[in-house]
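These notes concern the structure reproduced below.
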Amino acid sequence: AAVVVKISGKHVNPDKPGMVKSYAEVLRRLHEEGYRLAVVVGGGPVARAYIAAAREAGANRALQDMLGIEAARLNARLLAAALHPDAYPEPPRSIWEALEAAATGRIVVAGGFQPGQSTAGVAALLAETLNADLLVLATTVDGVYTADPRRSPDAKLIPRLGYGELRSVLEQSVEPGRYELLDPLALSIVERSGIRVRVVNGSDPENVARAARGEEVGSLVAP
Ligand code: U5P
């Protein structure tokens, strides 16, 4: 089966070498079990620091995004280094490059592609291109909630939802840096191709393995 995994940059970054190692172990095991894997790593705190600095220095939005893209690619390189030699060594910059990397049979590890989206957009595009059976989002929350669980104590986890329901949950919280699981591009891509998305808590990398194997963990978004 082909599975695309998007890991939050809050889990894979230079401050968390132990997590990087655990993710590498889980992903390597899935690869050995025969899963075709593409992994997208977010920019995390490193990206936020560069974006804020570029903004204060007067850089435009596209160039702020370009720094976020490179920060995510650097986090991707960190994970790829831990996965060596099972990962393709170069994070792809585009779908074409991702297809080339995937054709080698190694684990593809990507960061950002182009401005105007997040790494969730990259993950959705890769899931569509690679005909993935599942897109796993390894986030900092346990799943999709009725409201932002970090701000509303009575927020409830939704175990199974459709794309329309996800869209209305995401619309409740549009503040930058808040509860963002998918950007608008990612949402429209998974919806148009009916890609199944499982949202899990990535603080435990084993949740990614559970999701890949089809276990009921976190939330499932499906047609
Ligand atoms: N980014 C892009 N395009 C991509 C991926 C990321 O512009 O394809 C930029 C955005 O500014 C994003 C930041 O907020 O890099 C870090 O990615 P993420 O951790 O928010 O997904």
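Quick caveat: nothing in here was measured; it's all calculated off a predicted structure.
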Smallest separation among heavy atoms of V108 and A98, with atom names: CG2-O, 4.2 Å
Return yes if a side-chain donor-acceptor contact under 3.5 Å exists between D142 and N201, otherwise no. yes
Shortest non-hydrogen pair, I195 vs I189, comes out as CD1-O, 4.2 Å
Take E216 and R210 through the test salt bridge (Lys or Arg N to Asp or Glu O under 4.0 Å) and record every step on the way to the result. CA-CA 8 Å; E216 302 271 317; R210 294 185 184 107; over 6 Å; no
Between I69 and P115 the two heavy atoms that sit nearest each other are CD1-N, 3.7 Å
Using a 6.0 Å cut-off, check whether atom CZ of R61 has over 12 heavy atoms from anything other than its own residue. no
When you check the gap from the basic side-chain N to the acidic O, do R77 and E70 get nearer than 4.0 Å? no
In this structure, would V217 and V199 fall into the same cluster of hydrophobic residues linked by side-chain contacts under 4.5 Å? no
I'd like to know if E215 pairs up with R198 as an ion pair, taking the criterion as any Lys NZ or Arg NE/NH1/NH2 lying under 4.0 Å from an Asp or Glu carboxylate oxygen. no
Tell me yes or no: between the side chains of S152 and D154, is some donor less than 3.5 Å from an acceptor? no
Over all atoms of both residues, closest heavy-atom pair of M19 and G202: CE-O, 3.4 Å
Could you check if a side-chain atom of P14 sits within less than 4.5 angstrom of a side-chain atom of N75, using non-hydrogen atoms only? yes
Does one hydrophobic cluster hold both V40 and L30, with members joined at side-chain heavy-atom distances below 4.5 Å? no
same_hphob_cluster(V122, L99) at 4.5 Å side-chain heavy-atom cutoff: yes
Are V4 and V136 side-chain neighbours, meaning at least one heavy-atom pair lies under 4.5 Å? no
Sub-4.5 Å side-chain heavy-atom contact between T140 and S8: yes
When you compare the side chain of I7 with that of L137, does any pair of heavy atoms fall below 4.5 Å? no
How about M66 and Q114: do any of their side-chain heavy atoms sit closer than 4.5 Å? no
